[in-house]
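See below for the structure under consideration.
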Amino acid sequence: MVIQRWQSVLLLCAVVCMACFSFMSLGQVQEAGFYYNFFALGFRLAEEPTAGQAPEFASTWYFFAVSLLSAILPLIAIFTFKNFKLQKNLCLLTMLMLACVICIGAVIAYGGPYNVEWGSLVCAPFIALIATIMAYQRIKADERLLRSADRLR
């Protein structure tokens, strides 16, 4: 017997938040007259330059890889509902990846010579982290409920 209710919804919420975070614009950077859109994969010019070449910015593929991994792990955790231990471990690994995404994003935005003006999507990793923590607690509660039901049999 497997009880899988709200933790699936919470993990799906984390997947959607991090998928949007991985593929949508996170903010803008203004550098020497050029506007760049900041994505998890790197920086792209917001508009075509009118005169001269735009300066190159470094790619942030590592940020994209960690944020995409933090979207894939909860998706895998949804389908491992028959194995509580694996599902809990995947939730813990997802929490670690989300903390890494938050730290790497802060280092990219505030550690470089440019200043990132964040969009509203910056709160997605925090929402995903809260949803994953709540899913982890519900998985533990279901595990306790099933163990107590097995003792009664």
Side-chain angles (χ1 to χ4, degrees), residues 4-143:
Q4 194 70 14
R5 298 179 303 245
W6 283 104
Q7 55 266 35
S8 296
V9 174
L10 291 167
L11 289 172
L12 187 63
C13 177
V15 169
V16 170
C17 284
M18 289 313 295
C20 289
F21 185 83
S22 297
F23 293 108
M24 295 177 73
S25 177
L26 304 175
Q28 283 193 344
V29 176
Q30 182 179 3
E31 181 72 27
F34 297 104
Y35 281 102
Y36 292 91
N37 281 331
F38 175 48
F39 291 87
L41 195 53
F43 297 91
R44 280 192 223 145
L45 272 171
E47 55 191 40
E48 288 295 318
T50 56
Q53 282 288 18
E56 292 291 322
F57 274 122
S59 174
T60 56
W61 60 267
Y62 51 90
F63 185 49
F64 176 73
V66 174
S67 66
L68 189 63
L69 186 61
S70 66
I72 292 172
L73 285 174
L75 184 65
I76 294 170
I78 291 171
F79 297 107
T80 59
F81 58 89
K82 290 187 179 184
N83 189 348
F84 283 121
K85 184 174 175 146
L86 178 61
Q87 192 176 31
K88 287 191 316 187
N89 286 339
L90 284 172
C91 284
L92 288 173
L93 188 60
T94 301
M95 288 182 233
L96 178 68
M97 288 295 128
L98 288 169
C100 289
V101 166
I102 292 168
C103 292
I104 292 171
V107 167
I108 289 172
Y110 302 114
Y114 40 86
N115 188 16
V116 176
E117 297 174 12
W118 291 103
S120 61
L121 200 58
V122 73
C123 63
F126 297 105
I127 294 170
L129 182 62
I130 291 168
T132 306
I133 290 170
M134 290 173 63
Y136 181 78
Q137 290 172 347
R138 293 200 180 254
I139 291 167
K140 282 181 20 180
D142 281 353
E143 185 179 23

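Values below: every heavy atom of this structure, side chains too, minus hydrogens, waters and symmetry copies.
Listed by chain and residue number, Phe21 satisfy the ring-ring contact (aromatic ring centres under 6.0 Å, His included) test with Phe63 (two or more places apart in sequence, or in another chain). Applying the ring-ring contact (aromatic ring centres under 6.0 Å, His included) rule to Phe79 yields no partners; only residues at least two apart in sequence or on another chain are considered. Among residues two or more places apart in sequence or in another chain, the salt bridge (Lys or Arg N to Asp or Glu O under 4.0 Å) test is passed with Glu143 by Lys88, Arg147. The ring-ring contact (aromatic ring centres under 6.0 Å, His included) test applied to Phe39 returns no partner, not counting sequence neighbours. In this view, Ile72 and Leu68, Ile76 satisfy the side-chain contact (heavy atoms from CB on, under 4.5 Å) rule, not counting sequence neighbours. With sequence neighbours excluded, the residues that form a side-chain contact (heavy atoms from CB on, under 4.5 Å) with Ala71 are Met18. In this structure Trp118 satisfies the side-chain hydrogen bond (donor to acceptor under 3.5 Å, both in side chains) test together with Tyr110, sequence neighbours excluded.
Rounding to the nearest 0.5 Å gives a distance of 9.0 Å between CG of Leu41 and CZ of Phe23. Asn89 contributes atom CG, which lies 7.5 Å from atom OH of Tyr136 (distance to the nearest 0.5 angstrom).
Screening residues 12-23 for side chain to side chain donor-acceptor pair (under 3.5 Å) gives Ser22-Ser67 as the qualifying pairs, with residues at least two apart or on separate chains. Among residue pairs with one or both ends in residues 119-128, none qualify as side chain to side chain donor-acceptor pair (under 3.5 Å); sequence neighbours excluded.
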In residues 90-106, what donor-acceptor pairs under 3.5 Å come from side-chain atoms, sequence neighbours left out?
{"residue": "Thr94", "atom": "OG1", "partner": "Leu90", "partner atom": "O", "Å": "2.7"}

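For Cys13 against Ile127, the heavy-atom pair with the smallest separation is SG-CG2, 4.4 Å. Closest non-hydrogen pair, Cys17 versus Ala128, comes out as CB-CB, 4.2 Å.
Listed for the Gln87 side chain is a donor-acceptor partner under 3.5 Å among the backbone atoms of Ala77.
For the pair Val15/Leu11, no side-chain contact is recorded, criterion being any heavy-atom separation below 4.5 Å from C-beta on.
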